[in-house]
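Report on the structure given below.
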Amino acid sequence: MSTNLYREPVMVTREQHAGQRVAPVRDWGIARGLNAVPVTAIEFVEAAREFPIAFVPAGQDAQGRVQVSPVILLGLREGENLFVGPDGEWRATYLPAFLRRYPFAYAANEDGQLNLVVDAAWSGFGGEAGEPLLDAAGEATPKLQAVLQLLDNFERETMRTRVLCDRLVALNLLRGGEIQGALPDGQPLSAGGFYLIDETRLATLADEAVIELHRLGLLGLIHAHRVSMGHVQTLARRLGVQ
């Protein structure tokens with residue numbers, strides 16, 4: 001799945017970026033090639049109203065256990081986002097936090113410390129339009145403070161989301177998913193490489209495990225994921241899959 005958005009991330013510093021401005025993103029053509037984007041648990045309920053939410057492999061932890069991360073599916077084919085219109089308009093009500101934070105992000109250095117980075121390749125950064133990041137004294141402007149708050153929230157929710165994913169793996173509640181269909185010209189379409197909740201395993205969970213999920217606030221998130229998968233048909237209709 002293609003989830004790469006940042007083409008030229010550089011660390012933001014007072015020395016290099018004093019006086020630089022950033023314009024709001026209005027043309028989402030930059031995301032046209034993304035068929036999936038990461039999503040955090042706090043977004044599940046709202047995102048589930050419009051997009052399928054699935055889980056993708058995310059490496060292994062220090063103990064060698066499999067890790068997964070949730071994503072919003074934006075398309076059924078590699079490099080194709082069905083929610084970006086021909087003029088770059090975003091064709092959905094909800095805009096995922098992963099995109100809302102663009103062109104900024106946090107990147108960890110060798111010591112694990114998070115640094116603010118910006119996509120220097122984005123045309124809306126460094127021009128005359130938009131709001132400055134630093135004031136005359138070199139301090140963060142309200143614009144930059146809002147960016148940092150958004151990024152802090154995103155990082156915090158990403159950590160919380162790992163609790164959900166770790167429990168799903170530990171309880172063996174995931175199974176491989178695959179979407180099969182055909183294009184109007186008869187060409188086959190197959191999308192895979194993601195995981196779904198296994199309904200049978202969920203239904204046969206021990207009572208104590210169900211209570212644990214409930215107390216962690218994870219049952220509602222699991223339900224949102226299950227409901228969201230009905231939107232696979234929405235993607236199919238957008239693509240013209242038969």
Side-chain angles (χ1 to χ4, degrees), residues 1-7 9 31-45 47-48 50-83 96-99 101-102 105-108 112 114 154-181 188-202 205 209 212-213 216-236 239:
M1 291 186 175
S2 51
T3 60
N4 186 36
L5 179 62
Y6 297 81
R7 295 165 291 168
R32 196 180 302 280
L34 304 183
N35 68 343
V37 294
V39 65
T40 62
I42 198 171
E43 301 178 83
F44 269 40
V45 172
E50 295 186 88
F51 312 98
I53 301 172
F55 299 86
V56 296
Q60 297 180 335
D61 63 16
Q63 287 72 44
R65 293 174 297 193
V66 174
Q67 291 184 308
V68 298
S69 295
V71 297
I72 287 172
L73 300 181
L74 300 173
L76 299 176
R77 298 186 292 198
E78 190 71 18
E80 183 178 59
N81 186 338
L82 298 173
F83 291 91
F98 179 84
L99 295 178
R101 65 180 188 161
Y102 187 82
Y106 278 150
L114 295 178
F154 188 80
E155 290 297 319
R156 181 167 53 251
E157 291 303 325
T158 297
M159 295 293 293
R160 176 172 169 261
T161 302
R162 290 188 186 132
V163 174
L164 167 64
C165 294
D166 288 347
R167 292 313 297 154
L168 294 180
V169 171
L171 293 171
N172 194 29
L173 283 177
L174 296 173
R175 64 173 179 84
E178 188 174 18
I179 299 169
Q180 296 285 350
L189 175 70
S190 178
F194 56 87
Y195 297 100
L196 310 174
I197 292 292
D198 188 302
E199 300 289 343
T200 301
R201 295 172 189 165
L202 180 63
L205 267 185
E212 177 196 13
L213 291 176
L216 289 173
L218 301 183
L219 279 182
L221 300 179
I222 290 173
H223 179 65
H225 153 71
R226 295 165 64 196
V227 170
S228 81
M229 290 310 296
H231 290 301
V232 168
Q233 297 303 318
T234 302
L235 297 184
L239 191 57

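Side chains are part of it too, since the values below use all heavy atoms of this structure and drop only hydrogens, waters and symmetry mates.
- In this structure, the side chains of Leu99 and Leu5 come closer than 4.5 Å at one or more pairs of heavy atoms.
- Under the 4.5 Å side-chain criterion, counting only non-hydrogen atoms from C-beta, Ile197 is in contact with Leu174.
- Residues Leu213 and Leu205 are in side-chain contact: their nearest non-hydrogen atoms beyond the backbone lie under 4.5 Å apart.
- Take Arg175 and apply the salt bridge (Lys or Arg N to Asp or Glu O under 4.0 Å) test, not counting sequence neighbours, and it matches no residue.
- With sequence neighbours excluded, no residue forms a ring-ring contact (aromatic ring centres under 6.0 Å, His included) with Phe154.
- Side-chain atoms of Ile72 and Phe98, non-hydrogen and from C-beta on, never get closer than 4.5 Å to each other.
- Rounding to the nearest 0.5 Å gives a distance of 11.5 Å between NE2 of His231 and CG of Leu73.
- Here the side chain of Glu43 pairs a donor or acceptor atom with the backbone of Ala97 at under 3.5 angstrom.
- Here the straight-line distance linking atom CG of Leu218 with atom SG of Cys165 works out to 9.5 Å at 0.5 Å rounding.
- Under the 4.5 Å side-chain criterion, counting only non-hydrogen atoms from C-beta, Val39 is not in contact with Pro96.
- Between the CD1 atom of Ile42 and the OG1 atom of Thr161 there is a distance of 9.0 Å, given to the nearest 0.5 Å.
- In this structure Phe55 satisfies the ring-ring contact (aromatic ring centres under 6.0 Å, His included) test together with His225, sequence neighbours excluded.
- For Gln67, there are no side chain to side chain donor-acceptor pair (under 3.5 Å) partners, not counting sequence neighbours.
- The shortest non-hydrogen separation linking Leu235 to Leu82 is O-CD1, 3.5 Å.
- Distance check: Leu171 CG to Asp166 CG gives 10.5 Å after rounding to the nearest 0.5 Å.
- Here the straight-line distance linking atom OG of Ser228 with atom CG of Leu221 works out to 11.5 Å at 0.5 Å rounding.
- Note: Tyr6 and Tyr102 have tilted aromatic rings, judged against thresholds of 30 and 60 degrees for the angle between ring planes.
- Using a 4.5 Å cut-off on side-chain heavy atoms (C-beta onward), Leu168 and Tyr195 make no contact.
- Rounding to the nearest 0.5 Å gives a distance of 10.0 Å between CG of Leu34 and CD of Glu78.
- Taking all atoms of both residues into account, the shortest heavy-atom contact from Asn81 to Ala31 is ND2-O, 3.0 Å.
- Shown here are the salt bridge (Lys or Arg N to Asp or Glu O under 4.0 Å) partners of Arg167, two or more places apart in sequence or in another chain: Glu212.
- Screening residues 50-60 for salt bridge (Lys or Arg N to Asp or Glu O under 4.0 Å) gives no qualifying pairs among residues at least two apart or on separate chains.
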* side chain to side chain contact (heavy atoms under 4.5 Å, CB included) between Arg162 and Met159: does it pass, once the steps are laid out? -> CA-CA 5 Å; Arg162 290 188 186 132; Met159 295 293 293; 2.7 Å; yes
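- Here the side chains of Glu199 and Arg226 are in contact, with some heavy-atom distance below 4.5 Å.
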* To do: Apply side chain to side chain contact (heavy atoms under 4.5 Å, CB included) to Asp198 and Asn172, showing your working.
  => CA-CA 8 Å; Asp198 188 302; Asn172 194 29; over 6 Å; no
